[in-house]
Protein chains: 2
Amino acid sequence: MPVACRNCPLRRREIFAPLSDQELAFVQRFKSGELKVAPNMQLLMEGSNSPQLYTVLSGQGLRYKTLENGHRQVLNFVFPGDFLGLQAGMLGEMHHSVEATTEMVLCVFDRKEFFQIFRQYPERAYDITWLAATEEHFLGESLASIGQMAAVARMAWALQRLHARAEALGLANGDSFPMPYRQQDLADALGLSLVHTNKTLARLRDRQIASWAEGHIKIHSLTALRELAGGTDESATMTRPLI
Amino acid sequence: MPVACRNCPLRRREIFAPLSDQELAFVQRFKSGELKVAPNMQLLMEGSNSPQLYTVLSGQGLRYKTLENGHRQVLNFVFPGDFLGLQAGMLGEMHHSVEATTEMVLCVFDRKEFFQIFRQYPERAYDITWLAATEEHFLGESLASIGQMAAVARMAWALQRLHARAEALGLANGDSFPMPYRQQDLADALGLSLVHTNKTLARLRDRQIASWAEGHIKIHSLTALRELAGGTDESATMTRPLI
DNA sequence: CGTGCCGTTGAGGTAAATCAATGGCTGTGG
DNA sequence: CCACAGCCATTGATTTACCTCAACGGCACG
């Protein structure tokens, strides 16, 4: 049975902006169900105009694009609290795909209701725009990272961000946090080959900065990591709306 | 003296969605003036929380980010009709800078009014979200391009997009269109060195695909260009809101 | 016990970066 | 008017970061 929005365990996290009872009632009405998906499941497909929008309750996934030449670009790693399908909602169709990496539980919303939000709940509409603007900001960071930084720096940047997000969601355990992805995923996110990704990770391990084993990443020197990454990304820890 | 919104020359272009008289009246009220800036002028600065938002009436510019290591990533090329400062409006501060490349004329809006849009004009709020989602989509494309394509393909992709945008705005003259940027700008946009950018352009010239001279790019084979770029980007020619 | 997926490592090749030099053009000041 | 400096495009020479290819071992799964 689905969780009632006001009992949503995610909302207890302070990274998510609190909602009034009345606002919660609205979100609840918007919610049409819950969905549990298995690892490797395709949630949204590039080109589809999904009738459904999701909020991630638990689990992790990937947003990615597939190119004509067969290559894949991972756009972002999906964490609990993320809103999926905004492009389908706004632009009529998805321009990237989303797949589950671990098992995921999703909160399902009906796209038909989407347009009503702008009319009736301007604060929620504002939240949605905020999410879009934040995603835009993040992609800008990624672009700068991939376009202008060397492999080690890109890697440090990615790890530091994954760490920050995991920590903000209470998934981290000290300096260690779950890393359910494959090296190939990280490679496709950073625009590196699999082999070079592996060797870059080895360098970070050798330099005692971060190590990845058994599905977990351990940060040995956050200072050094940030140094390499060229600063901290505060947008991962910023208070954000949860819809 | 400023142009009245209903006489705005941009609105005649069919790429921009038409507004009713009433809607125009609102946009007009939102407009607080006009600004003319010289080439190389900084319009918005990373980190600033500009009190002003702009719509480009004429001229071209650049959005970019400067990294700690001194490198610059050009995020996008700015064309007439583009809305500038959305990040400052939504997130409180800009996460990239914007500068004028040619002389530009801007329509100035007051950020204080920004929040009112969501309350009072849901259709405009929707437009703003549409713009954010579209920008997000574009950055995703860029990321895929820079992350997964070789230099020639990236170049073709960029040229094809610049062409499409120029054409949609009526700036093109047959297969030729104005290119006010420097090779360094293109290099910083594509994540290539200046020298390699130059050599890549030379290859496209030798292969009779596109040539760049005297501030104009001429497309000799749009088919070949698209082939290299891996498809056409329809988002450059899609009907879009003009605020 | 095979088969397939994933991580790891080495060898060798290449695309792209860096370094360096030149020429055209523009603006400036003597 | 010319001399000079600064910016930009172009080209060649050299170096390097990253890619591709190939092979191997661990591990899960049927």
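All values below were derived from every heavy atom in this structure, side-chain atoms included, with hydrogens, water molecules and symmetry-related copies excluded. Numbered from 1 within each chain, the chains take letters A, B, ... in sequence-line order.
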Mutual orientation of the aromatic rings belonging to B/His163 and B/Phe177 [parallel < 30°, tilted 30-60°, perpendicular > 60°]: tilted

Separation of C/dA17 C1' from B/His71 NE2 (nearest whole Å): 10 Å

Short N-O contact, B/Arg203 and B/Asp206, less than 4.0 angstrom: no

Value rounded to 0.5 Å, distance of OG1 in B/Thr200 from CD in B/Gln183: 10.0 Å

Atom pair distance, as rounded to whole Å: CG in A/Asn198 and P in C/dG10: 11 Å

For chain B, the stretch of DNA chain D it reaches, first to last nucleotide, under 4.0 Å of its heavy atoms: D/dC8 to D/dA13

Ring geometry between A/Phe109 and A/Phe83 (parallel below 30°, tilted from 30 to 60°, perpendicular above 60°): tilted

Rounded distance in Å - NE2 (A/His196) to P (C/dA16): 14 Å

Interatomic distance where CG belongs to B/Leu194 and P belongs to C/dT22 [whole Å]: 18 Å

A/Asn76 vs A/His96 side-chain heavy atoms within contact, under 4.5 Å: no

Between C/dG7 (C1') and A/Met179 (CE): distance, integer Å: 14 Å

Side chain proximity check, A/Gln87 to A/Arg63, heavy atoms < 4.5 angstrom: no

Out of C/dA11, C/dT8, C/dA17, whichever nucleotide has its closest atom nearest the side chain of A/Lys199: C/dA11

Under-4.0 Å side-chain N/O to phosphate OP1/OP2 contact, A/Gln183 with C/dC6: no

Sugar-phosphate, base or nothing in reach of A/Gly215, heavy atoms under 4.0 Å: nothing

Between C/dG7 (P) and A/Glu214 (CD): distance, integer Å: 13 Å

Earlier contact from the 5' end, DNA chain C, for B/Val195 and B/Arg203: B/Arg203

Positive for side-chain hydrogen bond (donor to acceptor under 3.5 Å, both in side chains) with A/Arg165, one of A/Thr237, A/Asp233, A/Asp82: A/Asp82

Sugar-phosphate only, base, or nothing, as touched by A/Leu192 at under 4.0 Å among non-hydrogen atoms: sugar-phosphate

